[in-house]
A.B. asks: 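The following block contains the structure, expressed as structure tokens.
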Amino acid sequence: MASDFFSQYPRLTLFSAIASIALSAWCVWADPIVNNDGVYYFRAAESIRLGNWDEAIAIYSWPFYPAFIAYLSKYTGVDVVGAAYVLNALLCALLVLGFVAAVHELGGKRDTLIIAALVILAFPTLNKYRPFIIRDVGYVAVYLWSLVYLFRYCTTKEVRNLILWFLLTCLATLFRVEGIAMLVTIPIVVFSLGRVYSGYRWLVLAAYTTGGLLLLFVLGLWLGRDFAIVSITEGVVQPVEIWDKISAYISGVLELKLELLKEHLAGRYYIAVYVLIIIFVTLAEIVRRLAVVYALLALWGLKQGLLFPNMQLKPMWLALVLINILILIGSAIFITVVVDRYALTSTVTILLACPFVFAYFWRQWKRNELTARMKAMFAGLVIVCLLLAVRGLDVFTDKQYLYQAGRWIAENTPQESTLHSNNLILIYYSGKDAFHKPNRYTWATTYKLVKRKRWKQYDYLAIELSHADYPWIEWLEIHLHGQPIQRFSNKRGDSVLIYKNNS
């Protein structure tokens, strides 16, 4: 069990947890400005803390992560912002420990586990997200702990470990809906690999298939709130042509994205080209998030047969890598962009292979069994990873100007005055109730507002422009009848221009 790992390696556990919390503290100090998602979570958590669940769901439709923040705040007396950062640091520490524990289940010995702790603590992609308030870290942390019990089940065939995997995956689903895909697919993989007792195989498969279908149905109803897939009459949720509406929605989304390819490619090939582009971009993003070197290490270790000491777990690990990549590709097909943090689960799953490769080189080095060339390559590899780790801790923010602009508005404008801004972070720090109902914090939205003279209904405008948008400043001065009363900028030249409505 996980308790075995803690009891066998108490010092490594303590070091990993303390080091992770210290890294989180550093990253938050270096980048104390809240991210866009964090604003939604803060607002939703505050509503939940006050008991306004309907308002919280209106702000953010997957309210479980904000709920964790809200209840931590409520029962500790810390404000919502402080509770969010504490929760995020604890989840990062849980992720680090889960990674090391998973390596332990894959057959890692003491030296491999020490290397695993150093690898995950130094992993630049994880450290990039330490100052962010995002639910992805919670999902990956619980996901890794679910793998601990999944790997243990594959080794011991004890059903209680499979139950613990199931419960932890359900918990992971509260952070991200991708957990449902795991609940549906992993039992099929376990079944196909013959890891279930022969007398229970069909029973377990039937139970999980039924449960998976129910989970997918519930998810469909939940998402239907946004896609109008369901109708609500007299307080009862009733499906209304669910399949037709889902199909129409998917077709509509894909049609917009395939329009450009249709113009340049004849026949049906544009669909294949679109899918191939998505696959290429997804794989490229995963390799990029693995800083290339970790991806090469994992591939080399797989080719050389260094993965894993517990060889019977290799097929399960490969299946997990494939499932996570397919989930990423599936989501990218509909949003046409691979959001970098969505790749975190795939990258961490692949990263599980790297400590074993490092450990192999380390043991060969100690036995003096490496050639001079291989020693030089290993030393260079370690130096590259150290440089990547140091660079990954450079998370100093360039968003201070948003905080400064928001606080200036809060301190220098009447409390009852109205504000329009195209930046969500600025609005949060201004303390104004200026959040857009359609959540469109873009220059395009503000441009239309100014062009159509709807800006006159606001007392103040705080418009963010990137350094590449400076030609619009003169246009703004013409349409807003004057120059900004305040201007805040960062070193790159990105600015916030604050205008006062004097009409």
A.B. asks: Under the salt bridge (charged side-chain N to carboxylate O under 4.0 Å, His left out) definition, can you give me all pairs with a residue in residues 166-187, not counting sequence neighbours?
C.D. replies: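 Every salt bridge (charged side-chain N to carboxylate O under 4.0 Å, His left out) pair that includes a residue of residues 166-187, provided the two are not neighbours, is Asp136-Arg176, Arg176-Glu178.
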A.B. asks: Return the set of residues passing side chain to side chain contact (heavy atoms under 4.5 Å, CB included) with Ala295 (not counting sequence neighbours), or none when no residue passes.
C.D. replies: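 Checked Ala295 against side chain to side chain contact (heavy atoms under 4.5 Å, CB included); matches are Val287, Leu290.
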A.B. asks: Stepwise, does the side-chain contact (heavy atoms from CB on, under 4.5 Å) test hold for Leu322 with Leu326?
C.D. replies: CA-CA 6 Å; Leu322 179 61; Leu326 289 176; 4.0 Å; yes
A.B. asks: Passes side-chain hydrogen bond (donor to acceptor under 3.5 Å, both in side chains), Tyr143 versus Asn324? Steps please.
C.D. replies: CA-CA 11 Å; Tyr143 161 79; Asn324 280 294; 3.0 Å; yes
A.B. asks: Tell me, please, which residues at least two apart from Asp398 pass salt bridge (charged side-chain N to carboxylate O under 4.0 Å, His left out).
C.D. replies: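 Arg492.
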A.B. asks: Go through the structure and list residues passing ring pair (Phe, Tyr, Trp, His ring centres under 6.0 Å) with Tyr460, not counting sequence neighbours.
C.D. replies: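 Ring pair (Phe, Tyr, Trp, His ring centres under 6.0 Å) list for Tyr460, sorted by chain: empty.
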A.B. asks: In sequence, state the C-alpha distance, the side-chain angles, and the governing distance for Lys432 and Ser421, and then conclude on side-chain hydrogen bond (donor to acceptor under 3.5 Å, both in side chains).
C.D. replies: CA-CA 10 Å; Lys432 303 286 188 186; Ser421 178; over 6 Å; no
A.B. asks: Look at the rings of Tyr71 and Trp53 and say which category their plane angle falls in: under 30° parallel, 30 to 60° tilted, over 60° perpendicular.
C.D. replies: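 Plane angle between 30° and 60°, so tilted.
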A.B. asks: List the residues meeting salt bridge (charged side-chain N to carboxylate O under 4.0 Å, His left out) with Arg391, not counting sequence neighbours, and say none if there are none.
C.D. replies: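 Residues passing salt bridge (charged side-chain N to carboxylate O under 4.0 Å, His left out) with Arg391: none at all.
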A.B. asks: Among residues at least two apart in sequence or on other chains, which ones pass salt bridge (charged side-chain N to carboxylate O under 4.0 Å, His left out) with Arg49?
C.D. replies: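 Testing Arg49 for salt bridge (charged side-chain N to carboxylate O under 4.0 Å, His left out), a comparison that skips the adjacent residues, returns Glu46.
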A.B. asks: Output all residues satisfying side chain to side chain contact (heavy atoms under 4.5 Å, CB included) with Ile114, sequence neighbours left out; order by chain, then residue number.
C.D. replies: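 Ile114 satisfies side chain to side chain contact (heavy atoms under 4.5 Å, CB included) with Leu12, Arg110, Leu118 only.
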A.B. asks: Measure from NZ or CZ of Arg135 to the centre of the six-membered ring of Tyr41, then state whether that distance is under 6.0 Å and the direction lies within 45° of the axis.
C.D. replies: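 Checked: cation-pi criterion not met.
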A.B. asks: Would you call the rings of Phe42 and Tyr428 parallel, tilted or perpendicular, taking 30° and 60° as the class edges?
C.D. replies: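 It falls in the tilted class, 30° to 60°.
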A.B. asks: One pair to check against salt bridge (Lys or Arg N to Asp or Glu O under 4.0 Å): Arg43 and Asp433. What are the steps and the verdict?
C.D. replies: CA-CA 11 Å; Arg43 295 174 61 210; Asp433 185 14; 5.4 Å; no
A.B. asks: Apply side-chain contact (heavy atoms from CB on, under 4.5 Å) to Trp443 and Ile463, showing your working.
C.D. replies: CA-CA 8 Å; Trp443 163 244; Ile463 300 175; 3.8 Å; yes
A.B. asks: side-chain contact (heavy atoms from CB on, under 4.5 Å) for Arg289 and Leu344? Distances and angles first, verdict last.
C.D. replies: CA-CA 8 Å; Arg289 289 298 152 195; Leu344 186 59; over 6 Å; no
A.B. asks: Give the table of side-chain donor-acceptor pairs shorter than 3.5 Å for residues 452-459, with sequence neighbours excluded, one pair per line with atom names and distance.
C.D. replies:
from	atom 1	to	atom 2	distance (Å)
Gln457	NE2	Arg454	O	3.0
Asp459	OD2	Thr418	N	2.8
Asp459	OD2	Thr418	OG1	3.2

A.B. asks: Grab the two heavy atoms, one from Ile278 and one from Ile329, that are nearest each other, plus how far apart they are.
C.D. replies: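 That would be CG2-O, 3.8 Å.
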A.B. asks: Run the ring pair (Phe, Tyr, Trp, His ring centres under 6.0 Å) test against Tyr85 and tell me which residues pass, sequence neighbours left out.
C.D. replies: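 Ring pair (Phe, Tyr, Trp, His ring centres under 6.0 Å) list for Tyr85, sorted by chain: empty.
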A.B. asks: Looking at Pro355 and Leu352, what are the two nearest heavy atoms and their distance?
C.D. replies: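 Scanning both residues, the minimum pair turns out to be CD-O, 3.4 Å.
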A.B. asks: Would you please name every residue forming a side chain to side chain donor-acceptor pair (under 3.5 Å) with Gln486, sequence neighbours left out?
C.D. replies: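 By the side chain to side chain donor-acceptor pair (under 3.5 Å) rule, Gln486 matches no residue at all.
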A.B. asks: Please assess Thr445 against His436 for the test side-chain hydrogen bond (donor to acceptor under 3.5 Å, both in side chains), listing each intermediate value before the final yes or no.
C.D. replies: CA-CA 10 Å; Thr445 301; His436 304 181; 6.0 Å; no
A.B. asks: Taking the side chain from Trp62 and the backbone from Leu174, do they hold a donor-acceptor pair closer than 3.5 Å?
C.D. replies: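 Confirmed, Trp62 side chain pairs with Leu174 backbone.
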A.B. asks: Using the rule side-chain contact (heavy atoms from CB on, under 4.5 Å), only one of Val140, Leu147, Leu144, Val148 pairs with Phe99; which is it?
C.D. replies: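 The side-chain contact (heavy atoms from CB on, under 4.5 Å) with Phe99 is passed solely by Leu144 among Val140, Leu147, Leu144, Val148.
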A.B. asks: Pair up each side-chain donor or acceptor in residues 18-32 with any protein partner under 3.5 Å, not counting sequence neighbours, and list the distances.
C.D. replies:
from	atom 1	to	atom 2	distance (Å)
Ser20	OG	Ala93	N	3.3
Ser20	OG	Arg130	NH1	3.1
Ser20	OG	Arg130	NH2	3.4
Ser24	OG	Ser20	O	3.2
Ser24	OG	Arg130	NH1	2.8
Trp26	NE1	Leu393	O	3.0
Asp31	OD1	Thr397	OG1	3.3

A.B. asks: Show your working on side-chain contact (heavy atoms from CB on, under 4.5 Å) between Asp494 and Ser489 and close with a plain yes or no.
C.D. replies: CA-CA 5 Å; Asp494 305 323; Ser489 303; over 6 Å; no
A.B. asks: Tell me, please, which residues at least two apart from Lys399 pass salt bridge (charged side-chain N to carboxylate O under 4.0 Å, His left out).
C.D. replies: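 With sequence neighbours excluded, Lys399 shows a salt bridge (charged side-chain N to carboxylate O under 4.0 Å, His left out) to no residue whatsoever.
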A.B. asks: Quick one: sort the Phe123 and Tyr294 rings into parallel, tilted or perpendicular, breaks at 30° and 60°.
C.D. replies: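 Geometry flag for Tyr294 against Phe123: perpendicular rings.
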